[in-house]
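Written below as structure tokens is the structure these notes are about.
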Number of protein chains: 2
Amino acid sequence: MIRRRATVHDVARAAGVSLATVDRVLNGRPGVRPATAEKVEEAIARLGFSRDLNASLMARSRDLHVVFFIPDGTNEFMGALAEAVEKRFASALADRMHLELRRTKALDAAALAEALNGLDAKTCDCALIVASEEPEIIAAVDAAHRRGIAVMTLVSDLPGSARRNFIGIDNVAAGRTAASLMGRFLPQGGKVAVVAGSLHLRDHAERLEGFRAALTEEFPAIELVGPVEGHDDRTETGSLVGKLLAEHSDMAGVYNLGAGNAGLVSALQASGRAKSLRVIAHELTEPTRAGLVSGAIDVVLDQNPDGEIREAIAAARSLALGTARPVATDPIEIGIFLRDNLR
Amino acid sequence: MIRRRATVHDVARAAGVSLATVDRVLNGRPGVRPATAEKVEEAIARLGFSRDLNASLMARSRDLHVVFFIPDGTNEFMGALAEAVEKRFASALADRMHLELRRTKALDAAALAEALNGLDAKTCDCALIVASEEPEIIAAVDAAHRRGIAVMTLVSDLPGSARRNFIGIDNVAAGRTAASLMGRFLPQGGKVAVVAGSLHLRDHAERLEGFRAALTEEFPAIELVGPVEGHDDRTETGSLVGKLLAEHSDMAGVYNLGAGNAGLVSALQASGRAKSLRVIAHELTEPTRAGLVSGAIDVVLDQNPDGEIREAIAAARSLALGTARPVATDPIEIGIFLRDNLR
DNA sequence: AAGGTCATGAGGCACGTACCTCAGACGAAG
DNA sequence: CTTCGTCTGAGGTACGTGCCTCATGACCTT
């Protein structure tokens, strides 16, 4: 059964009005009585009409502008996210989408808020942010939304803000998975150090929550040490881990739910206990890959950056159709990597 | 740096010819001297011109027709693939793509070849097949390609045919991953039964190859029993597994690299040895999910059917642009599922 | 030289939407 | 009554491409 999509012409005919009126309703232009607008809305709903985004962008001879705000610094995962955006510049252009990548200072809420406030709806239809949970960022998101810019969160969510969508993994589930693996690795129980980047990052806080809950429920023999905050910095993370290992000679495992994995791996190797500790980290990047290969890290939980960017772009496109309803996206999978299934 | 995409007008101007000539070259219509065509090709390359697929489909007022041939029967994974196609009917229509789903008799090469031969290029731009490696299918693929239908393989590849692309996981790597997990589960070694659907299915043959190679290299203490072929049928698979378990009271593990997992799980439970056997299966479906939850199955390796269909659709779109070069697609991830990270 | 074929240019209409102008129709206020 | 403002319809042009017709000129054949 091949059915043609409804067009504005069909809507006009069905509503008994002219094309111009349908156009005014669709694009929120003034000069339509409420009763008439009602008729048009009804026809749109009845026919299941949805604007043809491609024809629309073509007619406007304008690309969809999507701006990605991604933290800079030495966090390899953020680097991978940024690369994933760059990789799609060309193919996005083929779909009339213009992607822009801006690196913002990591863990600097004021800088991100300012950048958001500087966005102009004329040069930005949609903004994607990797944000920590701070009042000034929430305010900036709400302000951008009021200016007509759709904001979506990437990696770490910002509930309670006007963000239209969250693109990322279920971080509570990720924390639970880490706990479940760690519990199996340590059937006798023991101490496990937990290192976060910052608990202001909701993804980190959620992973910790999931990890702690699953341990309590299923592996009460495991004692959690920490969390400590390494601010996603390799040097700081390394010295924190070194200190924890020195202080606890009976440490049995480490769960780094944030970044700074290069520091983690050096500290593990410097301790001389690398092979005897069960270690779980996040994001498949150069340091964690090296850690897996050398045996310093046992498991890496990964959120596919390419998949996240792909879904972000798809969601931005759907949002551009201007529906009020939330946009459906494919869920992002949590990848589990051992030394043997490295991509 | 915002750069406008090149259009046919730009190409015409750059090549010093008229729009009509560019059009003739682009659409392979006759009436252009080789020397002139050369000039146009050169301008296209120089400007990096690529046809705007959306404008093109709109101008033709014609949707892109993509036909999926997916085996029917009781194979839950194939059911999931089919559902994944159906789920995208609507969103594909929004991109001027008309998807069609046809279920063909599983493991019946003649039926699939006949279906392929019945395709008309007027009502099918691209065909996606899940095929076993048989000469008559290869011949049908080549014939379809000559008729102007792009054929791609899904799940299981068909090298040596005129298929334009393969969408699926790296099955050798999947087999290696299974071996690596099994090896760790059985540090003392022991007998592991291997069950396939059909070794005419290249994905199954490749998994076996990877499994066997990784065992030989890394876990020589493990002895492989089989493979036996259960033809992806639950009853047949169940009785095969039951027989193997009865014959080998010292069986330590089972690797089912094909389907028929409902039969696998019943046989395991009927044997009374479910908990003491390490079991690895493929595809996260109802039976394997139940197996994970009950503990009868330890690990499931999964190829995300939604992701495969998404990539297949994206690849079909790219192919429609008519480039001779192979089309780049995102790789499909091999998911690893334990009881604790079930989606 | 006349007729033929072939290569090419010029231009138009169509697809679905955006955005513009202009002309009426209508009701309310003066 | 006129005048104004608001609502609505009619129709045009544009976006990038496909596909069509028609005209022109060059070259070949007889």
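Just so it is clear: chains get the letters A, B, ... in the order the sequence lines come, proteins before strands, and each one is counted from 1.
- Residue B:Asp52 has its side chain nearest to D:dT17 when only C:dT17, D:dC15, D:dT17 are considered.
- Considering only residues two or more places apart in sequence or on other chains, B:Arg147 meets the side-chain hydrogen bond (donor to acceptor under 3.5 Å, both in side chains) condition with none of them.
- Distance, B:Asp63 CG to C:dC15 C1': 12 Å, rounded to whole Å.
- Atom-to-atom, CG of B:Leu93 to P of C:dG16 comes out at 13 Å; the value is rounded to the nearest Å.
- Atom CG in A:Asn54 sits roughly 12 Å away from atom C1' in D:dG16 (whole-Å rounding).
- Taking the salt bridge (charged side-chain N to carboxylate O under 4.0 Å, His left out) definition, one finds that A:Arg102 meets it with A:Glu100, sequence neighbours left out.
- Nearest to the side-chain atoms of A:His9 among the listed nucleotides C:dT17, D:dC7, C:dC15 stands C:dT17.
- Put simply, A:Ser18 has a side-chain N or O that comes within less than 4.0 Å of OP1 or OP2 on D:dG9.
- The interatomic distance linking A:Ile44 (CD1) with C:dT17 (P) rounds to 11 Å, in whole Å.
- As a whole-Å value, the separation of A:Leu53 CG from C:dG16 P is 15 Å.
- The distance from atom CZ of B:Arg33 to atom P of C:dT5 is 19 Å, rounded to the nearest whole Å.
- Partners of A:Ser161 according to the side-chain hydrogen bond (donor to acceptor under 3.5 Å, both in side chains) rule, which considers only residues two or more places apart in sequence or in another chain, do not exist here.
- Comparing D:dT8, C:dT17, C:dA10 against the side chain of A:Thr36 picks out D:dT8 as the nearest.
- With no hydrogens or angles considered, a side-chain donor-acceptor pair links B:Asn304 and A:Glu333 at under 3.5 Å.
- Separating the CZ atom of A:Arg13 from the C1' atom of D:dG9 is a distance of 16 Å, rounded to the nearest angstrom.
- Nearest-nucleotide positions on DNA chain C place B:Thr21 closer to the 5' end than the other of B:Thr21 and A:Met58.
- For the side chain to side chain contact (heavy atoms under 4.5 Å, CB included) test, residues two or more places apart in sequence or in another chain that qualify with A:Leu47 are A:Ala6, A:Asp10, A:Val11, A:Ala14.
- C:dC15 atom P lies 11 Å from atom CG of A:Asp10, rounded to whole Å.
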Decide salt bridge (Lys or Arg N to Asp or Glu O under 4.0 Å) for A:Arg46 and A:Glu42; before the verdict, give the C-alpha distance in whole Å, the side-chain angles of both, and the deciding distance to 0.1 Å. CA-CA 6 Å; A:Arg46 186 153 45 86; A:Glu42 188 274 335; 3.0 Å; yes

Tabulated below should be each protein N or O lying under 3.5 Å from an N or O of nucleotides 18-22 of chain D; please produce it.
{"unit_1": "D:dG18", "atom_1": "OP1", "unit_2": "B:Arg51", "atom_2": "NH1", "d": "2.2"}
{"unit_1": "D:dG18", "atom_1": "OP1", "unit_2": "B:Ser56", "atom_2": "OG", "d": "3.3"}
{"unit_1": "D:dG18", "atom_1": "OP2", "unit_2": "B:Asn27", "atom_2": "ND2", "d": "3.4"}
{"unit_1": "D:dC19", "atom_1": "OP2", "unit_2": "B:Arg29", "atom_2": "NH1", "d": "3.1"}

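- Counting only residues at least two apart or in different chains, side chain to side chain donor-acceptor pair (under 3.5 Å) contacts with residues 108-130 of chain A comprise A:Arg62-A:Asp125.
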